[in-house]
Amino acid sequence: MSATDSLPPAGLFRRLGALFYDGLIIVAVEMMAAGIVIAVLHALMAMGLFDVAGYADVSDFLTNHPVWSPVYTAYLAFVWIYFFVFFWTRAGQTLGMRAWKLHLRANDGSPITTTQALIRVATSGFGLANLTVPIDPKKRGFHDIWAKTEVVVLPKAN
């Protein structure tokens, strides 16, 4: 048995703290992702290759167009999901989890797979799945149970 096998499970408040940190980061990442699309469309308008005819501006176009609005929304959702999947599968931690000394792993202690990360995102309910942590004997969130993962507290650095 290695030292990482005996790490304690993460409690609700530590998970919510990390989620809050990650929420702030996601807002910034989403703003940059949206800004890129808006900047590209404004550049295309300046070159005469794009027109928002019938719409007040680029934002109105992206919000109300029957085809491009769902595409734009799907793009922003992809960015949000990719953030979590990338960090969970590469390092087992998002930036917020790192600040709160949390680590995500499969139940057997191995790194999680992309499938497990996608299951976690799909069943997380925007963080509401963590509300099952206080009532689960192993301190697992609903999304942890479905994805067969666990969130543990890392020891303090010496």
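Residue indices begin at 1 and follow the sequence shown.
In plain terms, the two heavy atoms of A91 and R98 that are nearest each other are CB-NH2, 4.1 Å. Heavy atoms only, all atoms of each residue included: L102 and A10 are closest at CD2-CB, 3.5 Å. Residue N130 comes nearest to P134 through the heavy atom pair O-CD, 3.9 Å, listed as atom of the first residue, atom of the second, then distance. P111 approaches A106 most closely through the heavy-atom pair O-CB, 4.3 Å. For the pair H143 and A129, the tightest heavy-atom approach, listed with the atom from each and the gap, is ND1-CB, 3.2 Å. The two residues A56 and D60 have their closest heavy-atom pair at N-OD2, 2.9 Å.
One N or O on the side chain of Q116 and one on the backbone of A147 form a donor-acceptor pair closer than 3.5 Å. The backbone N or O of S59 lies less than 3.5 Å from a partner atom in the side chain of T63, making a donor-acceptor pair. Counting only distance, with no hydrogens or angles, the side chain of D22 and the backbone of G96 share a donor-acceptor pair below 3.5 Å. When atom types are taken as modelled, the side chain of Y75 and the backbone of A33 share a donor-acceptor pair closer than 3.5 angstrom. Side-chain atoms of D144 do not come within 3.5 Å of backbone N or O of R140 as any donor-acceptor pair.
Other residues, nucleotides and ligands place more than 12 heavy atoms under 6.0 Å from the CZ atom of R14.
Side-chain atoms of V153 and P9, non-hydrogen and from C-beta on, never get closer than 4.5 Å to each other. Residues I38 and L62 form a side-chain contact, since some pair of their non-hydrogen atoms from C-beta on lies under 4.5 Å apart. Contact of the V52 side chain with the L41 side chain is not registered, since no non-hydrogen atoms from C-beta on lie closer than 4.5 Å. With contacts defined as side-chain heavy-atom distances shorter than 4.5 Å, the pair V85/T114 qualifies. Within the 4.5 Å cutoff, side-chain heavy atoms of V133 are placed close to those of R15. Taking 4.5 Å as the limit, every side-chain heavy atom of T113 sits out of range of all side-chain heavy atoms of T89. Within the 4.5 Å cutoff, the side chain of H103 has no heavy atoms near those of the V151 side chain.
In this structure, CD1 on I81 lies 11.0 Å from CG on L76, to the nearest 0.5 angstrom. The CG atom of L131 sits 6.5 Å away from atom CG of L12, with the distance rounded to the nearest 0.5 Å. Note that the CG atom of D51 and the CG atom of L44 stand 11.5 Å from one another [nearest 0.5 Å]. Atom OG of residue S124 and atom CZ of residue F84 lie 7.5 Å apart, to the nearest 0.5 angstrom.
Linking ILVMFWY side-chain heavy atoms closer than 4.5 Å, directly or via other members, places V29 and L19 in two distinct hydrophobic clusters. If you chain together hydrophobic residues whose side chains sit under 4.5 Å apart, V121 and V27 never meet in one group. Taking hydrophobic clusters as Ile, Leu, Val, Met, Phe, Trp and Tyr residues chained together by side-chain heavy-atom distances below 4.5 Å, F142 does not share a cluster with L128. Placement of L154 and L104 in two distinct hydrophobic clusters is found when ILVMFWY residues are connected by side-chain heavy-atom separations under 4.5 Å, directly or transitively. Residues L95 and V79 are members of one and the same hydrophobic cluster, defined by side-chain heavy-atom contacts under 4.5 angstrom among Ile, Leu, Val, Met, Phe, Trp and Tyr.
Sorted by first and then second residue, the ring-ring contact (aromatic ring centres under 6.0 Å, His included) pairs with a member in residues 108-132 read W80-F126; sequence neighbours excluded. Listed by first and then second residue, the ring-ring contact (aromatic ring centres under 6.0 Å, His included) pairs that reach into residues 13-33 are Y21-W100, sequence neighbours excluded.
Using cut-offs of 30° and 60° on the angle between ring planes, the pair H65 and Y55 is tilted.
A salt bridge between E150 and R105 is present, with a side-chain N of the basic residue lying under 4.0 Å from a carboxylate O of the acidic one.
Separation of the Y82 and F87 ring centroids does not fall under the 6.0 Å cut-off.
Looking only at atom types and distance, the side chain of T149 has a donor-acceptor partner in the side chain of R120 under 3.5 Å away.
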Item to check | Y72 vs W68, ring pair (Phe, Tyr, Trp, His ring centres under 6.0 Å): CA-CA, chis, key distance, verdict | outcome: CA-CA 6 Å; Y72 180 63; W68 290 109; over 10 Å; no

